[in-house]
Chemist: 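Quick one: the structure is below, questions incoming.
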There are 2 protein chains.
Amino acid sequence: MDLLTVDRLPPILRSAIATRQLVAGQRLFRQGDSASAVFVIESGRLKIVRNTEEGKPITIEIARAGESFAESALFSEFYSYTAIAEVTSEVIAYPKQPLLSTLRDRPDLAEDFMTLLVRKNNALIVDLELQSIKAAHRRVLQYLQYLVGSSDSKVVSFDRPLKDVAGEIGLNPATLSRALTRLENEGAIARELNSIILQDFSAA
Amino acid sequence: MDLLTVDRLPPILRSAIATRQLVAGQRLFRQGDSASAVFVIESGRLKIVRNTEEGKPITIEIARAGESFAESALFSEFYSYTAIAEVTSEVIAYPKQPLLSTLRDRPDLAEDFMTLLVRKNNALIVDLELQSIKAAHRRVLQYLQYLVGSSDSKVVSFDRPLKDVAGEIGLNPATLSRALTRLENEGAIARELNSIILQDFSAA
DNA sequence: CGCATAGTTGACTACGCTCAACCCTGGTGG
DNA sequence: CCACCAGGGTTGAGCGTAGTCAACTATGCG
């Protein structure tokens, strides 16, 4: 994602951005905080979660280096979710007002920004589709297929514990574990240390 | 939603828009069709669905008079979902290219459009949150509370069969029925013809 | 008056969640 | 260098409940 790269920005915005360091577990902002900036990740990984009225927080998105988050801050007064650093991370903050006026002045950046919003939209729709699959093993398989995408590698290795992955796709660690063994027994995947290999004879 | 009202539009776009009539059940476009336009509903109601790889189609959104849909068409080559008229409807089509160049020329419209995209995003997040509630009766209650929002009326009446509502929130008609009677027994709601009255002593 | 569709209810099944025990690994400290 | 510990992963047992199928009722329309 090459949006909001520094050298394309006008001086007004360029002088307004600031970087912030985060340690693992640190919260960048909390649901309900006043929305002050949009962020792009320089390094590390952030988790965007939303605390539902029942206890359980749900994961909206996992953002990694090069990705942005909290775009909705531009048009909302408060953040509607919480951003937590999963590992030591560095983020760039683009303050709301300067960014807004930049987008007004620069149609090319505005268009990029819209593209970005549409992508987020699509990602959320994919999530919804995933959640709609009730059977755990099918949901997991779909998720894995989505991760490898159209790449030819067919190998997935996670950079975080399986229990976190489970949370992301709305499953229990125990249920995820069972789903994986089931997929393995059915021959849909093979496991190996930290990696999962998708066997392709795709649809069934 | 006052976005894209005709009198704010430049002539280039104004002359490019066209209205289309749809009868109940008619598909405006299908998942995979070439993305040619963004739409706004003049009258009626459209359902946006996505066909998952398993059989079951899922409802992404219900769009009503005054609302827009298929914004992602602007930045995608194909529609990633299907639009079906639920009742006789009239929509205005804003062709992709003229709309794109208008957004480039008119920062005010571009900003409105971004606001709109962010709202869609938030709506999807609300959906995700809803789906994360496993217990049917709790999910239904949350949905009803979301529908009445901050209004003081506390009354919900649906303009479409309950079985469609069930599909929208990811439940079975039978399960929804049971959930409603359970909520009624617990005193959380009261039912009356086509209406549902929320009893407020909100959280429990 | 009858047909079609929606809503409700019952019986049954399947499966995801919870709790808990166990294994395994990596890291720490004696 | 080994003993211990902590956390993640796996596995078992049992429970609750959403899904399915099906029957029955109620409603609206031709």
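Proteins come first, then strands; the chains are lettered A, B, ... in the order of their sequence lines, and each starts at number 1.
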Chemist: Examine dT20(D): is either OP1 or OP2 under 4.0 Å from a nitrogen or oxygen in the side chain of Lys56(B)? Give yes or no.
Modeler: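 Yes, within the criterion.
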
Chemist: Let me know the distance between CG of Asn194(A) and P of dG9(D), rounded to the nearest Å.
Modeler: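 About 9 Å, once rounded to whole Å.
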
Chemist: Hey, are Tyr79(B) and Ser34(B) close enough side-chain-wise for a donor-acceptor pair under 3.5 Å?
Modeler: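 No, no side-chain donor-acceptor pair sits under 3.5 Å.
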
Chemist: Just to confirm, is there a sub-4.0 Å distance from OP1 or OP2 of dC17(C) to any side-chain nitrogen or oxygen of Thr175(A)?
Modeler: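 True: Thr175(A) side-chain N/O within range (under 4.0 Å) of dC17(C) OP1/OP2.
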
Chemist: Counting the benzene-type ring for Trp, do Phe69(B) and Tyr81(B) have ring centres under 6.0 Å apart?
Modeler: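 Between Phe69(B) and Tyr81(B), the centre distance exceeds or equals 6.0 Å.
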
Chemist: Tell me: CG of Asn185(B) to P of dT9(C), nearest whole Å?
Modeler: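 Asn185(B) atom CG is separated from dT9(C) atom P by 9 Å.
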
Chemist: Give the rounded distance in Å between these two atoms: CG of Leu162(B) and C1' of dT27(D).
Modeler: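 Going from Leu162(B) (CG) to dT27(D) (C1'), I get 14 Å.
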
Chemist: Which is true for Ala174(B) with a 4.0 Å heavy-atom rule: it touches a base, it touches only sugar-phosphate, or it touches nothing?
Modeler: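 Base contact.
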
Chemist: Quick one: Leu183(B) CG to dT17(D) P, roughly how many Å, whole number?
Modeler: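 Rounding to the nearest Å, CG of Leu183(B) and P of dT17(D) are 13 Å apart.
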
Chemist: Send over the distance from Leu176(A) CG to dG9(D) P, rounded to a whole Å.
Modeler: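 For the pair Leu176(A) CG and dG9(D) P, the rounded distance is 9 Å.
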
Chemist: Looking at Arg191(B), does any N or O in its side chain come under 4.0 Å of the phosphate oxygens OP1/OP2 on dT8(C)?
Modeler: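 For dT8(C), OP1/OP2 do have a side-chain N/O of Arg191(B) under 4.0 Å.
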
Chemist: Using whole Å, what does the distance between atom P of nucleotide dG7(D) and atom CG of Asp164(A) come to?
Modeler: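 It is 14 Å, rounded to the nearest whole Å.
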
Chemist: If I take atom CG in residue Asn172(B) and atom C1' in nucleotide dA18(D), what distance separates them, rounded to the nearest angstrom?
Modeler: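 Atom CG in Asn172(B) sits about 8 Å away from atom C1' in dA18(D).
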
Chemist: Students often get this wrong, so: under 4.0 angstrom with heavy atoms, is Arg139(B) touching a base, only sugar-phosphate, or nothing?
Modeler: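 Here Arg139(B) touches no strand at all.
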
Chemist: Report yes or no: do Glu90(B) and Gln21(B) form a side-chain donor-acceptor pair below 3.5 Å?
Modeler: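 The criterion, which ignores hydrogens and geometry beyond distance, is satisfied for Gln21(B) and Glu90(B).
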
Chemist: Just the rounded figure in Å: distance from P of dG7(D) to NZ of Lys163(A).
Modeler: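 About 10 Å, once rounded to whole Å.
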
Chemist: Using the six-membered ring wherever Trp is involved, compare the ring planes of Tyr143(B) and Phe158(B) and label them parallel, tilted or perpendicular (cut-offs 30° and 60°).
Modeler: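 Correct class here is parallel.
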
Chemist: Counting only distance, no hydrogens or angles, is the base of dT20(D) paired donor-acceptor with the side chain of Arg178(B) under 3.5 Å?
Modeler: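 In this structure, the two groups form a donor-acceptor pair.
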
Chemist: Does the side chain of Thr102(A) pick up a donor-acceptor pair with the side chain of Tyr94(A) at under 3.5 Å?
Modeler: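 Distance-only check fails for Thr102(A) and Tyr94(A).
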
Chemist: Please tell me which of the listed nucleotides, dG8(D), dT11(D), dG7(C), lies nearest to the side chain of Pro161(B)?
Modeler: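 Side chain of Pro161(B) sits closest to dG7(C).
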
Chemist: With nearest nucleotide decided by heavy atoms, which residue, Ser177(A) or Lys134(A), maps closer to the 5′ end of DNA chain D?
Modeler: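 Its nucleotide being nearer the 5' end, the pick is Ser177(A).
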
